[in-house]
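Heads up, the thing below is written out as structure tokens.
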Amino acid sequence: MKVYNPAEVEKKWQKFWEENKTYNVKDHVEGKENEYILIEFPYPSGIGLHLGHCRSYTAIDAVARMKRLCGKNVLFPFGTDAFGLEAERTAIREKKLPQEIVERNIQVFHSQLKEIGLSFDWSRTINSCDEDYYKWTQWQFIQFFKKGLAEKQETTVNWCPNCGVLANEEVEDGTCCQCHAETTQKAKAQWVLKMTEYGERLADDLDKTDYLDHIKLSQLNWIGKSEGVEVDFEIKQGGKFSIFTTCIETIYGITFMVLAPESKVVDNLKDKITNWDEVLKYRAETAKKSEFDRTEMNKDKSGLKLQGVSAINPVNGKEVDIYIGDFVLAGYGTGAVMAVPTHDQRDYEFADKFGIPKIQVIEGDVSEKALEKYDYLGKGIKLINSEEFTGMTVEEAKVAITDKLVNMGVARKKLNFKMRDWIFSRQRYWGEPIPMINCPHCGWVPEKEENLPLTLPHVDSYEPTKDGESPLSVIPEFVNTICPVCGAAAKRETDTMPGWAGSSWYFLRYCDPHNTKEFASKEALKAWLPVKLYNGGNEHTTRHLLYARFWVKVLYDLDLVPVDEPFKKRISQGLILGADGKKMSKSAGNGVDPRIMVERYGADSLRVWMSFMGEYSEKVNWSEDGLKACNKFLNKIWNIQELVNGDNPTKELQFALNTAIKKVTNDIENNKFNTAISAIMILVNEIYKVKKLSNDEYKKLLLLISPFAPHLANELFDIMGYGRSIEDCAWPQVDEKALQLDEIEMPVQVNGRVRAVVTIPSSASQDEIVEIAKSNEEVAKFITGNIVKVIYVPKKILNLIVK
RNA sequence: GCCGAAGUGGCGGAAUGGCAGACGCACACGACUCAAAAUCGUGCGGGAAACCAUGCGGGUUCAAGUCCCGCCUUCGGCACCA
């Protein structure tokens, strides 16, 4: 017998798969059901594949491999997401073009992925920064625009006086991470996709998916759908503004109103406001704070009373003061709130700080803190101090007050979303150019679709400009163009799209990656969608997932894709931390290069260890000892060759084998890879105990390990003459008969404590089992009185309650 | 702060409300060997025992790592990193 040599075996099979295009898939195969299994396409960083990629890719590869053996026609594609700030910064640092860096990195990625034996369909590889890919990203943006879902809006950006617009992660404690200048918030017109129009469907359609519960919950919380009322407030000195509230029942408790400091309403009142200087000062202070700082609950409440103006509460005509406060954001809701200190803790603290009176309108104790909706809803609590509504329950009053205001014509029922529209502009070089043209006569018009892709010009300098405009804005050949509608001289949009753009639809392109007429044909999309299993990082369970769902819903409404939910099931892998329990990083020096591990122990050992090291969705600490152990385990499987003894299945092994088949099948299906491996280990231990097995039993063992250790399993298939390739075989079926036992072990408790484990015939009745239990010495010792109750859970436990 | 997740032996981790610690690592002992490595086998939470043990404090239950209430700690996200 040859010794197990992973390097040799793995090279052989990787070559075999490549030459035979084993994992290339057709859209239709007679008699086979299609199944689409997807991993998030990575950013191809220069470091190459890291352990985190290995963990998720090898685990999901195991799912794909098992599904194929189960007779499914499996699409399991790979691509790279190369646009974005990270690539741009790397390029600036290395003084190279992003294009060059990306190309180099992708090559490294591909070869590394092949070295760990992933069963991707390499004929479908895509890359989000390729022209024939982003052509379609641009084309889809134009469809969004034509549908009225893309428009320029006034937004706020982080502003550094030296470096221009900054990403949030480039701002540290109010200073620029590059030059350490103080940053401010600045208004800027940007392209926005109107995602809030899809808010309700994005929330409700989660019911159509099988996402893990916590992922659904994260999505729902992010969307933050709330039902409430939008109410108009007249300003005594002229004009009006609206607020949104989910607590209309507290409207009689209003003692002040708060506007966002930068609100247009405030500008309109400029002549009436007698402390305008203070307003300007407060605005300047606010501009220094990030949104995060502004809305943080624990911070000191800040605000400013607008002197000389007041608002009228429409429900009772009462006059109340108007404040500006930085915790109210101009871009969120209506940019104004009603304040009821007795029933909202933030308003309570604000009122205390500014000496504003409080009016209690709901029964309860408000002497120390506000009585909030979580305290009073659903308990039949009644209103006070609310004119004709006094004495109604909160729930009755909600309806009655809304009706009254709606009838008065000053209010509307409304859905509000915490989720905001998607800011789609970046003043960066390394992204898809937004294919829009600003014509002095026609306004914003899209580039002609036949002219796409609008290519990103190759330039020497692509660092952000000092004036905060995109690097493209200083390239006259790019900027100057003619209007596609009227032919007048016009200027191109110079902003590029965010990294999220290409990743919002790449899974559609995999269905038909070489199509030059459409982003994908209807037939191909129909053949594969929806994605059956989508795996990605936990950090993407809110935003990327939401953007992709939104994008697909829009395309669905345009009749361009056949599904309105792209992903049936979504799961996430946990992080791999360093051996020291800290995040792997260069500075911590705790990083591990998968290539070196493959060199030392082989790809199959690494694959098995990745799956075995812990619960898939939980973080784990790296340990090379565990990898060594997996190598040892594969060696044991290799050495079983010598124990194979004829073709008669041994009865003693059948129970262990079928238990393993059942467990491994269920576990892979449910993404419990660690216990799947442990089930195979138990089987192998059993084989070593019995020391002989049949060809059929060995073959089934090899099939069970093949999703995790495909090279080893294929090689042993070859050696044992079970077939040239494991791909031609079927996944083993459970023989339920082999799982039937004549006798079972039954733990016996007395008063809830296990006192013995007795062996009982599996056919025994409850009474018989009680008799067997009572006659057990250990049990009898603890039966010191009468048995007053017997709790028997078949096949689980017997509990005797003694008094 | 808000949203989400996690906390179990020396370590990684198992456990549809039903024998806590499966499986593995490390360790110890034994077999093989001149010897070592490799391999194979045995043992392995604490405690003499009664019992005590799943981050902390309460509760529900015949029975709680698991369910409920209140805390603590760690990690991820919070909209221009993707």
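In what follows, chains are A, B, ... by sequence order, proteins preceding strands, each numbered from 1.
Taking side-chain N and O atoms only, A/Arg543 has a distance below 4.0 Å to OP1 or OP2 of B/C78. Regarding contacts with the backbone of B/C25, a side-chain N or O of A/Lys632 is found under 4.0 angstrom from either OP1 or OP2. The side chain of A/Lys691 contributes no N or O atom lying less than 4.0 Å from OP1 or OP2 of B/C40. For the pair A/Asn674 and B/G24, the criterion of a side-chain N or O lying under 4.0 Å from OP1 or OP2 is not met. Distances shorter than 4.0 Å separate none of the side-chain N or O atoms of A/Asn168 from OP1 or OP2 on B/C78.
At a threshold of 4.0 angstrom between heavy atoms, the contacts of A/Val165 include nucleobase atoms, whether or not backbone atoms are also involved. Using a 4.0 Å heavy-atom cutoff across all strands shown, A/Glu170 reaches no nucleic acid atom at all. Residue contacts shown for A/Lys672 are limited to sugar-phosphate atoms, with no base heavy atom under 4.0 Å away. Residue A/Asn685 is classed as a sugar-phosphate contact, given heavy-atom separations below 4.0 Å to backbone atoms only. When heavy atoms are screened at a 4.0 angstrom cut-off, A/Ile791 is found touching base atoms of the nucleic acid. When heavy atoms are screened at a 4.0 angstrom cut-off, A/Phe292 is found touching base atoms of the nucleic acid. Within 4.0 Å (heavy atoms only), A/Gly499 reaches sugar-phosphate atoms of the nucleic acid but no base atom. Within the nucleic acid shown, A/Glu169 comes within 4.0 Å of at least one base atom, counting heavy atoms only. Counting any heavy atom pair closer than 4.0 Å across all strands shown, A/Phe633 reaches no nucleic acid atom. Using a 4.0 Å heavy-atom cutoff across all strands shown, A/Lys796 reaches at least one base atom of the nucleic acid. Residue A/His540 is in base contact, counting any heavy-atom pair closer than 4.0 Å across all strands shown. Using a 4.0 Å heavy-atom criterion, one finds that A/Trp222 contacts the bases of the nucleic acid, with or without backbone contacts as well. As judged by a 4.0 angstrom heavy-atom cut-off over every strand, A/Asn799 is placed among the base-contacting residues. Across all strands shown, A/Ser623 has no heavy atoms under 4.0 Å from either base or sugar-phosphate atoms.
A straight line from CD1 of A/Ile760 to C1' of B/C19 spans 14 Å, rounded to a whole angstrom. Atom pair A/Glu432:CD and B/C80:P shows a separation of 15 Å (rounding to whole Å applied). A/Gln219 places its CD atom 14 Å from the P atom of B/C78, with the value rounded to the nearest Å.
At a non-hydrogen distance threshold of 4.0 Å, A/Gln749, A/Arg753, A/Val754, A/Arg755, A/Val757 from residues 749-759 of chain A come into contact with RNA chain B.
Picking from B/C80, B/A79, B/C40 the nucleotide with the shortest atom distance to the side chain of A/Arg426 gives B/C80.
B/U61: no Watson-Crick or G-U partner with both key distances under 3.5 Å is found in any strand. In this structure, B/G1 and B/C78 make a Watson-Crick or G-U wobble pair, each of the two defining distances being under 3.5 angstrom. Nucleotide B/U54 forms no Watson-Crick or G-U wobble pair with any nucleotide shown, as no partner meets the under 3.5 Å limit on both distances. Judged by Watson-Crick or G-U wobble contacts below 3.5 Å, the nucleotide B/A49 has no partner. Pairing for B/C11 is with B/G24, a Watson-Crick or G-U wobble pair whose two hydrogen-bonding atom distances lie under 3.5 Å. Pair assignment for B/U73 gives B/A6, based on Watson-Crick or G-U wobble hydrogen-bonding distances that are each under 3.5 Å. The partner of B/A37 is absent, by the rule that a Watson-Crick or G-U pair needs both atom distances under 3.5 Å.
Without hydrogens or angle criteria, A/Glu170 side chain to A/Ala167 main chain gives a donor-acceptor distance under 3.5 Å. Judged by distance alone, the side chain of A/Asn786 and the main-chain N or O of A/Val788 form no donor-acceptor pair under 3.5 Å. The main-chain N or O of A/Ala660 is never found under 3.5 Å from a side-chain atom of A/Lys663 such that the two would form a donor-acceptor pair.
Remark: aromatic rings of A/Phe567 and A/Phe507 are close, center separation under 6.0 Å.
Side-chain atoms of A/Asp625 stay outside donor-acceptor range of the base of B/C25, with no qualifying N/O pair under 3.5 Å.
When each of A/Pro747 and A/Lys619 is assigned the nucleotide of RNA chain B bearing its nearest heavy atom, the one mapping closer to the 5' terminus is A/Lys619. When each of A/Ser617 and A/Met419 is assigned the nucleotide of RNA chain B with its nearest heavy atom, A/Ser617 is the one assigned upstream, toward the 5' end.
A/Phe708 does not carry A/Arg607 over the face of its six-membered ring by the limits of under 6.0 Å from the centre and within 45° of the normal.
In the model, A/Glu432 has no side-chain atom that pairs as donor or acceptor with a side-chain atom of A/Thr496 under 3.5 Å.
Applying the salt bridge (charged side-chain N to carboxylate O under 4.0 Å, His left out) test to A/Glu372 and every residue at least two apart in sequence or in another chain returns nothing.
Summarising the local packing, NZ of A/Lys369 is surrounded by 12 or fewer heavy atoms from other residues, nucleotides or ligands at distances under 6.0 Å. No more than 12 heavy atoms of other residues, nucleotides or ligands sit less than 6.0 Å from atom CG of A/Asp213. In this structure, A/Lys662 places its NZ atom where only 12 or fewer heavy-atom neighbours from other residues, nucleotides or ligands lie under 6.0 Å away.
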